Amino acid sequence: MTIHILLVEDEDNLRAEVAEMLRLEDFVVTEASDGQEALTILQETRPDIVLCDVAMPNMDGYHVLEHIRKDGALLQLPFIFLTARADRQFVRHGMNLGADDYLTKPFSRKELLSAIDARLARVTTISEQADQKLDQTKKQLTRMVAHELRTPLVSMTMVQDVISNKLDDLSPTDLRDLFDMMQSGNKRMRHLVEQMVFYTQLNTGVIDTNTVETQGRLLELDFVINEAIQMGRSFAYRHADGTIRRAHKKPYAPIKCLMKPLSFALAELVANALIYSPQGSQVMIQETVDDVWVYLHIVDSGPGLTTNRLRKASVPFEQIDREKQEQQGMGLGLPLAIKIVEIHNGELTIKETASHGTKVTVKLPLVVM
């Protein structure tokens, strides 16, 4: 494998000497005489490692490194400073900016090659670890998707077989129980399909902020909430008949929205509140309005979410305490709700209540008539 090195050094003789040394080791070397030239080169090509002087005209090495670390595509690019200074404060400043190593001038061929080998080996290790993690994630996702799709299919197929083979022996009560089981599997399957459809539409840009602006309808938030409550109960695989209490005073709150995606997002939040609230407790839903925003507050008395648990729950295909909570689904509910609210130019926040429950607040732009 050919290794490409970007060598940034303003002293022509030293740059030529180091470049020749590296080429004799079969490295491909691109030379730059200052930081500005280096950044121009980085816009056109991606080296495997950068060797960069600190004190240079036009742009010094520190600014080169700052630009590189701000670029997501170059964030992990190995970077070694070449400098005549070796005092601790000087070195620490470069390390704080994200430098991987320092070589103090004059350096030997052995020191240079050793530093390069060490940085490249580190990159290889990180890449291998990332590949392993990605492979594990793919396997986990495959198992999750297979389980979530097969489980309702198995139950519906079993019901169909029982009815087909024993129809004459089944009482009306037996038939009702079997149809209820089939309906449950059908609801679960439809929910999964809808999640995957919205996930695909959001990630491919089929629906986005521009879609809301051009195709959105002017609706009262109360109308969307009523739809979301009904849908959320169908999504809830536990406590679907739990008490939901609405604030008596419902302010006039017109919003511009895509009805189906937004009601789906709010339904996911309602379903979560029902699922995680203890049996016999209630979910509180309240709307408030100011001069600019409409606020929807959904409060439950469930176990609450710490910052780390919330961060994990906000990532697609991640679930917290799946086995402990006997969860269904693929971990898409909350991430979809966040994204759908965002394309409506809104914001979704989650906080733990004083009683250790969860308060979800959805903020959406008020349409001033």
Side-chain angles (χ1 to χ4, degrees), residues 191 194-195 197-199 201-202 205-236 242-277 281-302 304-305 310 313-314 332-355 357-369:
H191 185 201
E194 286 295 311
Q195 284 185 329
V197 168
F198 280 122
Y199 182 78
Q201 290 178 332
L202 288 165
V206 173
I207 54 174
D208 56 15
T209 302
N210 183 62
T211 315
V212 176
E213 181 62 29
T214 58
Q215 301 179 26
R217 298 167 54 198
L218 190 64
L219 296 171
E220 256 198 274
L221 180 60
D222 182 62
F223 177 74
V224 183
I225 293 173
N226 289 333
E227 178 72 15
I229 290 175
Q230 183 178 353
M231 193 185 307
R233 287 191 185 279
S234 71
F235 292 169
T243 301
I244 295 178
R245 187 161 67 89
R246 299 283 304 278
H248 294 299
K249 185 178 180 181
K250 300 181 179 63
Y252 178 63
I255 58 172
K256 191 172 188 179
C257 70
L258 300 173
M259 174 64 181
K260 188 173 181 180
L262 186 59
S263 59
F264 184 89
L266 300 184
E268 293 284 5
L269 302 177
V270 171
N272 282 344
L274 290 169
I275 290 167
Y276 292 107
S277 291
S281 63
Q282 66 179 8
V283 173
M284 175 70 182
I285 296 180
Q286 182 180 14
E287 303 136 66
T288 57
V289 179
D290 62 22
D291 293 336
V292 181
W293 300 99
V294 180
Y295 300 88
L296 171 65
H297 310 282
I298 303 175
V299 183
D300 65 52
S301 52
L305 288 170
L310 174 58
S314 302
L332 285 175
L334 182 56
L336 282 175
I338 293 172
K339 186 66 176 177
I340 291 171
V341 169
E342 286 177 349
I343 69 169
H344 283 80
N345 294 309
E347 181 181 349
L348 190 155
T349 58
I350 303 177
K351 295 182 180 179
E352 196 170 39
T353 66
S355 58
T358 301
K359 180 179 180 179
V360 179
T361 299
V362 175
K363 182 173 75 171
L364 295 165
L366 174 69
V367 177
V368 180
M369 305 300 289

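Values in this document were obtained by computation on a predicted structure and should not be read as measured data.
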If you look at every heavy atom in [X] and [Y], which pair is closest and at what distance?
{"X": "Pro254", "Y": "Leu218", "result": "CB-CD1, 4.2 Å"}
{"X": "Tyr199", "Y": "Leu332", "result": "CD1-CD2, 3.7 Å"}
{"X": "Gly242", "Y": "Arg233", "result": "O-NH1, 2.8 Å"}
{"X": "Val212", "Y": "Ile343", "result": "CG2-O, 3.5 Å"}
{"X": "Leu364", "Y": "Gly346", "result": "CD2-CA, 4.2 Å"}

Could you label the plane-to-plane angle of the Phe198 and Phe264 rings as parallel, tilted or perpendicular, counting under 30° as parallel and over 60° as perpendicular?
tilted
Residue from Thr209, Ile255, Leu262, Val362 passing side chain to side chain contact (heavy atoms under 4.5 Å, CB included) with His344
Leu262
Under a 4.5 Å cut-off applied to non-hydrogen side-chain atoms, are [X] and [Y] in contact?
{"X": "Leu221", "Y": "Leu219", "value": "no"}
{"X": "Ile298", "Y": "Val283", "value": "yes"}
{"X": "Asn272", "Y": "Thr358", "value": "no"}

For residues 290-297, which side-chain donor-acceptor pairs fall under 3.5 Å, sequence neighbours excluded?
residue	atom	partner	partner atom	Å
Asp290	OD1	Val292	N	2.8
Asp290	OD1	Trp293	N	2.6
Asp290	OD2	Tyr295	OH	3.0
His297	ND1	Thr361	OG1	3.2
His297	NE2	Thr288	OG1	3.2

How far does [atom1] of [X] sit from [atom2] of [Y], to the nearest 0.5 angstrom?
{"X": "Gln230", "Y": "Ser263", "atom1": "CD", "atom2": "OG", "result": "10.5 Å"}
{"X": "Asp300", "Y": "Ser277", "atom1": "CG", "atom2": "OG", "result": "4.0 Å"}
{"X": "Asp208", "Y": "Ile340", "atom1": "CG", "atom2": "CD1", "result": "12.5 Å"}
{"X": "Gln195", "Y": "Glu268", "atom1": "CD", "atom2": "CD", "result": "4.5 Å"}
{"X": "Phe235", "Y": "Leu274", "atom1": "CZ", "atom2": "CG", "result": "12.0 Å"}
{"X": "Gln215", "Y": "Met259", "atom1": "CD", "atom2": "CE", "result": "16.0 Å"}

Side-chain donor-acceptor contacts of residues 222-229 below 3.5 Å, not counting sequence neighbours, with atom names and distances?
residue	atom	partner	partner atom	Å
Asp222	OD1	Arg246	NH2	2.6
Asn226	OD1	Arg246	NH1	2.9
Asn226	ND2	Asp222	O	3.3

Tell me whether the count of non-hydrogen atoms from other residues, nucleotides or ligands lying under 6.0 Å of NZ in Lys339 goes above 12.
no
Of all residues at least two apart in sequence or in a different chain, which pass the salt bridge (charged side-chain N to carboxylate O under 4.0 Å, His left out) check with Lys256?
Glu213
Could you give me the CA-CA distance, side-chain angles and deciding distance for Met231 and Lys260, then say whether side-chain contact (heavy atoms from CB on, under 4.5 Å) is met?
CA-CA 11 Å; Met231 193 185 307; Lys260 188 173 181 180; over 6 Å; no
